There are 2 protein chains.
Amino acid sequence: MSGYELAKTFDSSIGFFWKADHQQIYRELSKLRDRGHIEGHEVVQSGKPNKLVYTLTADGRAALRHWGARPSTPPMIKDDLLVRLCALDSFDVEPLRADLMARLEHHRDRFAHYERILNKLFPDGVATTVADTGKLLGLRIGLRHERMVAEWCEEALSAISKPPGVLLLEDCRRENNG
Amino acid sequence: MSGYELAKTFDSSIGFFWKADHQQIYRELSKLRDRGHIEGHEVVQSGKPNKLVYTLTADGRAALRHWGARPSTPPMIKDDLLVRLCALDSFDVEPLRADLMARLEHHRDRFAHYERILNKLFPDGVATTVADTGKLLGLRIGLRHERMVAEWCEEALSAISKPPGVLLLEDCRRENNG
DNA sequence: CCCGTTATTTACCGTAACGCGAAAAAGTCA
DNA sequence: TGACTTTTTCGCGTTACGGTAAATAACGGG
């Protein structure tokens, strides 16, 4: 693809867990070209300026496979909300509650959104190709994640609404089985 | 605290979702001091070099409260494993399966670790102070997260082990209720 | 023919957040 | 003296970004 096409289709592919504007895409393409991983070939167009379509070189494909065989690094959570919770007594509760409610809505929205995509792409819940299996699994962890965080937001809201000490064993047991 | 003390205690406090080595801590302390948010006072010690203990200024405390009232930004997942899944057909399956198994073990370990901390800090599952409530909630989302990812790893392993198309409605239903 | 619009790429500026390797300074103990 | 701990600092680099703008190239309307 060309940089322009990548920029346009980025959001609808891996855009849910990775953001990149067009500048960064062009930058990364330049880096890859400099390293010999990709090659750009001009494609003449009528009615529009020509575009520079990049394709993997043999070297690039090898590097890709090599990268694909590397162990992944489990990412950190890195949510500033968690830092706030770590020092909960240093902050006002009300804005935090508002934030938690906004977050709850946000994660519910994302969950619904992923669900729509899932129903659209995999109405039977079945992936027929290897590529589809990967995309389906990506959707699955997205769904799980949003549902998990949304549930946690509810728990957090009820915990900070009551005076401390009212988060009881009962809640724990419900959570540990849920 | 002093930079040295912060560096030592960082891992056992918010260290699970935020990493910082001592250099970065000193750097951030310098920034905060330059902005007037903290003040350093030398504390004489016997048997060791003196230390520079930093304390919040009134300005710093105000800035902290202001920061605490800001809406949080929901972080992206940003797991390179997900990128691999998005282009699953471009990679070899075996290293990916190995990676998934390592990840499964990793997240199970973290889950067990959080559970131990939870049982140690909150043997009754009850937080008695506001500060404890925050820490408990942090542990809770950590537990939820590790359990969720571990379950997803199992699902992913079974999905990539079978030929495509065998990830059935049955699995979906189990997940959507689980 | 100028002008505005879309498509496509590039240049140049900056920032935050980090890692690495080293070393300085101050003290202890063998 | 030399090795080791404690505490702080310096100077180098990188990755991964964001913003603003401009440079092309082609189209169509007035």
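Just so it is clear, the structure is predicted and the values come from calculations on it, not from any experiment. Side chains included, hydrogens not; waters and symmetry mates left out as well; all remaining heavy atoms used. Naming: A, B, ... by sequence-line order, numbering from 1 per chain.
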Undergrad: So, B/R97 versus B/S161: side-chain donor-acceptor pair below 3.5 Å or not?
TA: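 Yes, a side-chain donor-acceptor pair sits under 3.5 Å.
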
Undergrad: Is there a side-chain contact between A/W67 and B/V83, using heavy atoms and a 4.5 Å cut-off?
TA: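 Contact flag for A/W67/B/V83 side chains = yes.
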
Undergrad: For B/H41 and D/dT8, what is the distance between atoms NE2 and P respectively, to the nearest whole Å?
TA: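 That distance rounds to 14 Å.
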
Undergrad: Got more than 12 heavy atoms from elsewhere within 6.0 Å of CD, B/E105?
TA: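 At most 12 heavy atoms, drawn from other residues, nucleotides or ligands, come within 6.0 Å of this atom.
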
Undergrad: Over all strands shown, is B/Q45 touching base, sugar-phosphate only, or nothing at heavy-atom distances under 4.0 angstrom?
TA: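 Sugar-phosphate, no base atom in range.
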
Undergrad: Please give, in whole Å, the distance from C/dT8 P to A/I25 CD1?
TA: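 Whole-Å distance recorded here is 14 Å.
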
Undergrad: Please report the distance, rounded to the nearest Å, between CD in A/E28 and P in D/dG18.
TA: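 Rounded to whole Å, this separation is 11 Å.
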
Undergrad: It should be established whether B/Y26 places a side-chain nitrogen or oxygen under 4.0 Å from OP1 or OP2 of nucleotide D/dT8.
TA: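 Answer yes for this pair, as a side-chain N or O of B/Y26 is under 4.0 Å from OP1 or OP2.
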
Undergrad: Send over the distance from B/K51 NZ to D/dT9 C1', rounded to a whole Å.
TA: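 Whole-Å distance recorded here is 19 Å.
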
Undergrad: Tell me which of B/K8 and A/P49 sits closer to the 5' end of DNA chain D, going by the nucleotide each one is nearest to.
TA: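 Of the two residues, B/K8 wins.
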
Undergrad: Using a cut-off of less than 4.0 Å, is there contact between a side-chain N or O of A/K78 and OP1 or OP2 of C/dC18?
TA: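 Yes.
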
Undergrad: Taking 4.0 Å as the cut-off, does a side-chain nitrogen or oxygen of A/S2 come that near to OP1 or OP2 on C/dT9?
TA: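 Indeed, a polar side-chain atom of A/S2 lies that close.
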
Undergrad: Closer than 3.5 angstrom, by distance alone: can the side chain of B/W152 be matched with the main-chain N or O of A/L137 as a donor-acceptor pair?
TA: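 Yes: the side chain of B/W152 pairs with the backbone of A/L137.
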
Undergrad: Tell me whether B/D132 contacts the main-chain N or O of B/K135 through its side chain, where contact means a donor paired with an acceptor under 3.5 Å.
TA: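 Not a single qualifying donor-acceptor pair exists.
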
Undergrad: What is the distance, to the nearest angstrom, from the CG atom on B/D21 to the C1' atom on D/dC10?
TA: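 Computing the B/D21:CG to D/dC10:C1' distance gives 14 Å.
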
Undergrad: Taking the minimum atom-to-atom distance to the side chain of B/K48, which one of D/dG18, D/dT8, D/dT7 wins?
TA: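 Among the listed nucleotides, the one closest to the side chain of B/K48 is D/dT7.
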
Undergrad: Nearest heavy atom decides the nucleotide; on that basis, is A/N50 or B/V53 closer to the 5' end of DNA chain D?
TA: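 Of the two residues, B/V53 wins.
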
Undergrad: When the distance from CG of B/D80 to C1' of D/dA16 is rounded to whole Å, what number comes out?
TA: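 Taking CG of B/D80 and C1' of D/dA16, I get 15 Å after rounding.
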
Undergrad: Tell me if the side-chain of B/Q23 makes a donor-acceptor pair with the base of D/dG11, cut-off 3.5 Å, by modelled atom types.
TA: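 Donor-acceptor pair under 3.5 Å: no.
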
Undergrad: Looking only at side-chain N and O atoms, does B/Q24 come under 4.0 Å of OP1 or OP2 in C/dA17?
TA: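 B/Q24 to C/dA17 OP1/OP2: no side-chain N or O under 4.0 Å.
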
Undergrad: Looking at A/Y4, does any N or O in its side chain come under 4.0 Å of the phosphate oxygens OP1/OP2 on C/dT9?
TA: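 Checking A/Y4 against C/dT9: no side-chain N or O falls below 4.0 Å of OP1 or OP2.
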
Undergrad: Could you tell me how far apart A/H22 (NE2) and D/dA23 (P) are, to the nearest whole angstrom?
TA: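 So the NE2-P distance, A/H22 to D/dA23, works out to 15 Å.
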
Undergrad: Taking atom C1' of D/dG13 as reference, at what distance in whole Å does atom CZ of B/R27 sit?
TA: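 Value for this atom pair: 11 Å.
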
